[in-house]
Amino acid sequence: MWWEQYGKDKMEQYLSAYQDLTGKSFFKHFWSKEDYDLYDIFSWLAELELLCPLSLLEEYLSECSSGREQADEKWVFMAKYLITYMKGLQTPKAVEMLFRIVEEIGISDKGLFGVEDLLLESVRMDAGSRRGYYGYDSSDFSGADLIRPFLSVEEHRQLFWILERHTFLNYPDKYTSFLIGVLSKKDHLLWFPKEEARKVFLAIAKTGCKKRDGEPAENISDRGRVGRTSIKEAGNGKTASSVRAKEENRGYTERFQLAGGEKQKHRYAVYRIV
């Protein structure tokens, strides 16, 4: 693209010349229309640090506290550029933006900052799948790739726990495949020590045995809520606790099952973890 030949100084000169000639800031375009060329320009300006996507997101979140509907109307175009910038989670700012959205808004496929598709596609959990009315219906989520060289160990874990919880609450039938896939990848041991991964796997296997032997399930509560043995705490060797969360935009209860057959299906992974 032509603008990529310009460094920061040249781009600043170009932006200044544009304003002198038109009497308007070039950045106004991001607020007033959607244009495919502008997506690339936005990312390039962000790379040159001539605009800050994270600061823009924080501005949106702040305005939401005064009125979500009014904020959405103002940010309808800018939000598209911010979401596009985040795709692939290829920069530290993009990942930090995801963390802020999850913290303040949650993971959804609706709204200006509905980031479910972006999140699953970025970590390759959507491979071989297609979105249906109730979400992704064919992928087993086992291909998750969480490695981002610029993230710290703690940030990798934070990304994992976000995906772990979202998968458990929304795609319980794919939960075992997701965990086995993550824990079986050698690269993931850089941020998830093998001994901890082994503890988590054994916790999964134990739950699977209980289901196979007909013992009471530990993970289902009332309609619209899910309780579970915390795999996170099992991995840390702590006492199990129950986590409850509302399932938004769903008119039915999803039941998490770790059947003996599912455990058998993934038995090959034991040798890679244990």
Close side-chain approach of Phe42 and Thr84, heavy atoms under 4.5 Å: no
Tyr85: partners by ring-ring contact (aromatic ring centres under 6.0 Å, His included), with sequence neighbours left out: none
Sub-4.5 Å side-chain heavy-atom contact between Met125 and Thr167: yes
Which of parallel (below 30°), tilted (30 to 60°) and perpendicular (above 60°) describes Phe26 and Phe30? perpendicular
How close do Leu146 and Val123 get, counting heavy atoms only, and between which atoms? CD1-CB, 4.5 Å
Indicate whether any N or O donor in one side chain lies under 3.5 Å from an N or O acceptor in the other, for Tyr39 and Glu34. yes
CD1 of Ile101 to CD1 of Ile162: how many Å apart, nearest 0.5 Å? 10.5 Å
Met78 side chain near Leu112 side chain, heavy-atom distance below 4.5 Å: no
Honestly curious: do Trp161 and Leu190 fall in one hydrophobic cluster under the side-chain, below-4.5 Å linking rule? no
Can you name the residues that form a salt bridge (charged side-chain N to carboxylate O under 4.0 Å, His left out) with Glu12, not counting sequence neighbours? none
If you define the side chain from C-beta out and look only at heavy atoms, does anything of His166 sit under 4.5 Å from Glu116? yes
For Val182 and Ala144, which heavy atoms make the closest approach, and how far apart are they? CG2-CB, 4.0 Å
For the residue pair Leu38 and Lys33, what are the closest heavy atoms and their distance? CD1-CE, 3.8 Å
Please tabulate, one pair per line, all N/O donor-acceptor pairs under 3.5 Å involving side-chain atoms of residues 148-155, not counting sequence neighbours.
residue : atom : partner : partner atom : Å
Arg148  : NE   : Leu89   : O            : 2.9
Arg148  : NH1  : Asp145  : O            : 3.3
Arg148  : NH2  : Gly88   : O            : 3.2
Arg148  : NH2  : Ser122  : O            : 2.8
Ser152  : OG   : Glu155  : N            : 3.1
Ser152  : OG   : Glu155  : OE1          : 3.3
Glu155  : OE1  : Ser152  : N            : 2.8

Which distance, rounded to the nearest 0.5 Å, do you find between the CG of Leu183 and the OG of Ser142? 12.0 Å
What is the distance from atom OG of Ser184 to atom CG of Leu179, rounded to the nearest 0.5 Å? 10.0 Å
By ring-ring contact (aromatic ring centres under 6.0 Å, His included), which residues pair with His188, not counting sequence neighbours? Trp191
Could you note down all residue pairs passing salt bridge (Lys or Arg N to Asp or Glu O under 4.0 Å) where residues 85-102 supplies at least one of them, sequence neighbours left out? Glu58-Arg100, Arg100-Glu103, Arg100-Glu104
If you look only at pairs with a residue in residues 15-25, which of them pass as a side-chain hydrogen bond (donor to acceptor under 3.5 Å, both in side chains), with sequence neighbours excluded? Tyr18-His29
On a heavy-atom basis, which atom in Glu164 and which in Tyr175 lie closest, and how many Å separate them? OE2-OH, 2.5 Å
Minimum heavy-atom separation for Val115 and Gly106, please, with both atom names. CG2-O, 4.4 Å
May I ask you to test the Met97-Pro53 pair for a side-chain heavy-atom distance under 4.5 Å? yes
Is there side-chain contact between Leu98 and Val102, with at least one heavy-atom pair below 4.5 Å? yes
Applying side-chain hydrogen bond (donor to acceptor under 3.5 Å, both in side chains), can you list everything that pairs with Glu63, at least two apart in sequence or on another chain? Lys74, Trp75
How long is the gap from OH on Tyr14 to CE on Met11, to the nearest 0.5 Å? 7.0 Å
Who pairs with Lys10 by side-chain hydrogen bond (donor to acceptor under 3.5 Å, both in side chains), at least two apart in sequence or on another chain? none
So the ring-ring contact (aromatic ring centres under 6.0 Å, His included) pairs with at least one residue in residues 93-116 (sequence neighbours excluded) are Tyr60-Phe113
Kindly determine whether Trp44 and Leu50 satisfy side chain to side chain contact (heavy atoms under 4.5 Å, CB included), including the steps that lead there. CA-CA 9 Å; Trp44 184 242; Leu50 292 174; over 6 Å; no
Within-4.5 Å side-chain heavy-atom neighbours: Leu15 and Phe27: yes
With a 4.5 Å heavy-atom cut-off, do Asp35 and Asp40 have their side chains touching? no
Would you say Ser65's side chain and Ser62's backbone share a donor-acceptor pair under 3.5 angstrom? yes
